[in-house]
Novice: 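This structure is in structure tokens; I'll ask about it shortly.
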2 protein chains.
Amino acid sequence: MVIATAQHFGQAALAATTLDELNNLLHAITHEMGFQYFALSHHVDVPRAPQPALRLHNYPRDWEAYYDAERFGPSDPVHRASHLTSVGFCWSMLPRLLALTNRDEDFLARSRRIGLIDGITIPAHVPGEAAGSCSFATSWGKTPRPEWMPLVQFVGTTAFESARRLVGMRRAQADRPRLSDRQRDCLYWAAQGKSDWAIAKILGISHETAIQHLKEARGRYGVGNRTQLAIHALYDGALSFTDALRR
Amino acid sequence: MVIATAQHFGQAALAATTLDELNNLLHAITHEMGFQYFALSHHVDVPRAPQPALRLHNYPRDWEAYYDAERFGPSDPVHRASHLTSVGFCWSMLPRLLALTNRDEDFLARSRRIGLIDGITIPAHVPGEAAGSCSFATSWGKTPRPEWMPLVQFVGTTAFESARRLVGMRRAQADRPRLSDRQRDCLYWAAQGKSDWAIAKILGISHETAIQHLKEARGRYGVGNRTQLAIHALYDGALSFTDALRR
DNA sequence: TTGAAACTCCCCAGCTCTGGGGAATAGCGA
DNA sequence: TCGCTATTCCCCAGAGCTGGGGAGTTTCAA
């Protein structure tokens with residue numbers, strides 16, 4: 001019974017006390033759902049990450065070495081696609097989700113060659129933390145069963161949450177920079193490509209004041225230019241894409 | 001059969017062409033899952049939001065007026081809790097998820113008084129977009145059935161994704177510019193705050209070449225500065241936050 | 001009342017970015 | 001072979017951004 005499987009996994013995963021335990025649970029459920037491989041990770045350059053990052057998987061060993069050597073952690077097309085949606089997706093739908101570069105194609109071809117034929121990736125995002133996902137992959141001949149999607153979605157999300165708790169990912173709301181209203185106003189327009197001068201006109205303040213607000217905003221985020229300022233604000237939700245893309 | 005219900009909803013939701021259609025689907029599934037109310041929304045001050053924000057619900061009308069008057073959109077404790085996790089949670093567990101202020105307690109008490117006794121909220125985050133969630137609530141006497149959690153999780157996530165697509169949160173694939181590998185390399189570093197000169201050093205090319213690649217990249221996206229270039233590339237997945245935030 | 005924070009305004013030097021040109025090489029497919 | 005794209009390199013002028021100063025008001029909470 002599918003729903004019982006899900007429930008059982010959910011309870012076990014959230015009760016797990018070590019990553020090893022979770023790893024074993026993932027092994028079992030992966031096969032139970034008809035997959036051969038799983039990979040649960042943060043989308044960072046794991047060996048070089050400054051913060052502890054998640055990575056649990058049973059992909060072939062060669063693959064991990066290749067992956068790290070090429071630093072795919074942050075630019076893996078599957079991961080990039082998972083940043084665009086809140087639901088799980090089949091790898092076969094990648095070309096419809098984003099424009100693949102030559103490198104992406106090479107990467108995917110290579111993955112297939114070592115046995116990762118098709119898979120499903122479940123995104124897992126928590127504002128202010130590194131993006132992550134939980135993938136399940138099939139090898140030769142097998143294809144993911146679409147009717148199991150609800151189960152896969154639940155398992156992936158639950159597994160990720162369990163892992164997050166186990167490595168103590170939760171970041172304090174406190175250490176997130178807070179912008180003042182005026183700083184956000186200026187950033188809002190800056191993110192739309194307006195110059196300091198234009199922002200000043202729009203807000204009805206002097207050129208120097210607009211400069212001052214953005215200077216202060218950069219300081220709060222500890223960055224040295226507008227581009228990084230906008231990116232950080234987007235990431236922590238101070239700014240949204242719908243704010244930034246209306247030109 | 002639970003899994004069939006989920007599957008059917010998933011297909012219908014992702015095939016829906018209007019918010020009305022989705023609204024009807026949510027009505028139906030809400031009752032099918034044993035709830036009375038649903039609310040799918042972006043966590044913003046909806047009536048004052050500069051950009052279109054999602055909000056579909058069948059909560060009592062009084063509630064919406066109260067909610068907007070008090071500007072709970074961004075500070076609703078249920079929403080705040082949903083920013084701390086990637087899985088759904090029961091409202092009854094709120095006190096274990098965050099420290100509730102007096103205002104929070106008042107808000108929850110008032111919600112209960114008008115018939116929102118208990119509920120489950122499924123977070124839905126996409127990096128760079130306003131945070132959101134999909135909640136299902138019960139009225140008098142009924143309590144959420146924990147064994148339906150996997151189903152609720154799936155339905156909530158899928159409904160949110162469907163709504164996101166319907167309000168055009170995501171741009172069509174067709175008009176998405178494609179960057180060359182080298183352009184993306186330059187942008188990758190530019191998004192990390194590197195100057196043209198630094199990018200050139202890193203990639204081992206001349207200063208002028210780096211400038212040229214970024215010039216061309218701006219042209220492809222039809223934007224006039226680095227900030228907008230980075231934002232557009234982040235939005236369409238050519239660049240990921242983990243690329244950009246690794247300083 | 002004291003202080004902190006927000007908001008406002010000003011100056012300047014120097015670095016960085018942008019848009020306008022031009023041009024050569026290599027590869028790939030029609 | 002021709003044309004297209006990607007990649008590399010170069011010059012320049014002007015606009016824009018950044019970091020370093022300083023300084024006034026208001027508001028709100030301790």
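As a basis for the values below, the full set of heavy atoms in this structure was taken, side chains included, without hydrogen atoms, waters or symmetry mates. Proteins get letters first, then strands, A, B, ... in listed order; numbering begins at 1 in each. Keep in mind that what you see is a predicted model, and the values were worked out from it rather than measured.
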Novice: What is the distance, to the nearest angstrom, from the CD1 atom on A:Ile199 to the P atom on C:dT8?
Specialist: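 Taking CD1 of A:Ile199 and P of C:dT8, I get 13 Å after rounding.
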Novice: Could you work out which one of D:dA6, C:dC7, D:dC10 sits closest to the side chain of B:Ser180?
Specialist: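 From the listed options, D:dA6 comes nearest.
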Novice: Which heavy atom of A:Ser82 sits nearest to which heavy atom of A:Thr121, and what is that distance?
Specialist: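 Heavy atoms only, the tightest pair is CB-CG2, 4.2 Å.
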Novice: Base, sugar-phosphate, or nothing: which does B:Leu214 touch, judged by heavy atoms less than 4.0 Å apart?
Specialist: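 No contact.
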Novice: Starting at the 5' end of DNA chain D, which residue's closest nucleotide do you reach first, B:Arg178 or B:Thr209?
Specialist: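 The residue whose closest nucleotide sits nearer the 5' end is B:Arg178.
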Novice: NA contact type, B:Arg220, heavy-atom cut-off 4.0 Å: base, sugar-phosphate, or nothing?
Specialist: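 Sugar-phosphate contact only.
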Novice: Looking only at side-chain atoms of B:His213, point me to the closest of D:dC17, C:dC10, D:dT7.
Specialist: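 So the nucleotide nearest the side chain must be D:dT7.
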Novice: For the pair A:Phe136 and A:Phe35, name the ring-plane relationship: parallel under 30°, tilted 30 to 60°, perpendicular over 60°.
Specialist: tilted
Novice: Rounded to the Å, how far apart are A:Trp189 CH2 and D:dG16 P?
Specialist: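 Result: 17 Å.
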Novice: B:Gln212 or B:Leu179: which one's nearest nucleotide on DNA chain D is closer to the 5' end?
Specialist: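 The residue closer to the strand's 5' end, by nearest nucleotide, is B:Leu179.
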Novice: Can you say whether a donor on the side chain of A:Lys215 sits under 3.5 Å from an acceptor on the base of D:dG20, or the other way round?
Specialist: yes
Novice: Within this structure, what is the CD-to-P distance between B:Gln228 and D:dG16, rounded to whole angstrom?
Specialist: 15 Å
Novice: Can you tell me how far P of C:dC17 sits from NZ of B:Lys194, to the nearest Å?
Specialist: 12 Å
Novice: Give the nucleotide from the list D:dG19, D:dC10, C:dG19 with an atom nearest to the side chain of B:Arg218.
Specialist: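 So the side chain of B:Arg218 is nearest to C:dG19.
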Novice: Please report the distance, rounded to the nearest Å, between CH2 in A:Trp197 and P in D:dT18.
Specialist: 18 Å
Novice: Starting from P on C:dT8, measure out to CD on A:Glu216 and report it in whole angstrom.
Specialist: 13 Å
Novice: Could you give the CD-to-C1' distance, from B:Gln183 to D:dA6, as a whole number of Å?
Specialist: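 Interatomic distance, CD of B:Gln183 to C1' of D:dA6: 8 Å.
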Novice: Taking for each residue the nucleotide of DNA chain C bearing the nearest heavy atom, is the 5' side occupied by A:Gly204 or by B:Glu208?
Specialist: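 Checking each residue's closest nucleotide, the 5'-ward one belongs to A:Gly204.
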Novice: In whole Å, what is the span from the CG atom of A:Leu203 to the P atom of C:dT8?
Specialist: 8 Å
Novice: If I take atom CE from residue A:Met149 and atom CZ from residue A:Phe89, how far apart are they, to the nearest 0.5 angstrom?
Specialist: 9.0 Å
Novice: Determine, stepwise, if the pair B:Arg226 / B:Asp196 fulfils salt bridge (Lys or Arg N to Asp or Glu O under 4.0 Å).
Specialist: CA-CA 11 Å; B:Arg226 246 171 169 68; B:Asp196 292 336; 2.8 Å; yes
Novice: Can you tell me which nucleotide in D:dT7, C:dT8, C:dT18 comes closest to the side chain of A:Arg182?
Specialist: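 Among the listed nucleotides, the one closest to the side chain of A:Arg182 is C:dT8.
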Novice: Under the salt bridge (Lys or Arg N to Asp or Glu O under 4.0 Å) criterion, do A:Arg182 and A:Asp185 qualify, and how do the steps go?
Specialist: CA-CA 5 Å; A:Arg182 231 35 181 158; A:Asp185 288 343; 3.1 Å; yes
Novice: Any side-chain N or O of B:Ser206 under 4.0 Å from OP1/OP2 of D:dC10?
Specialist: yes
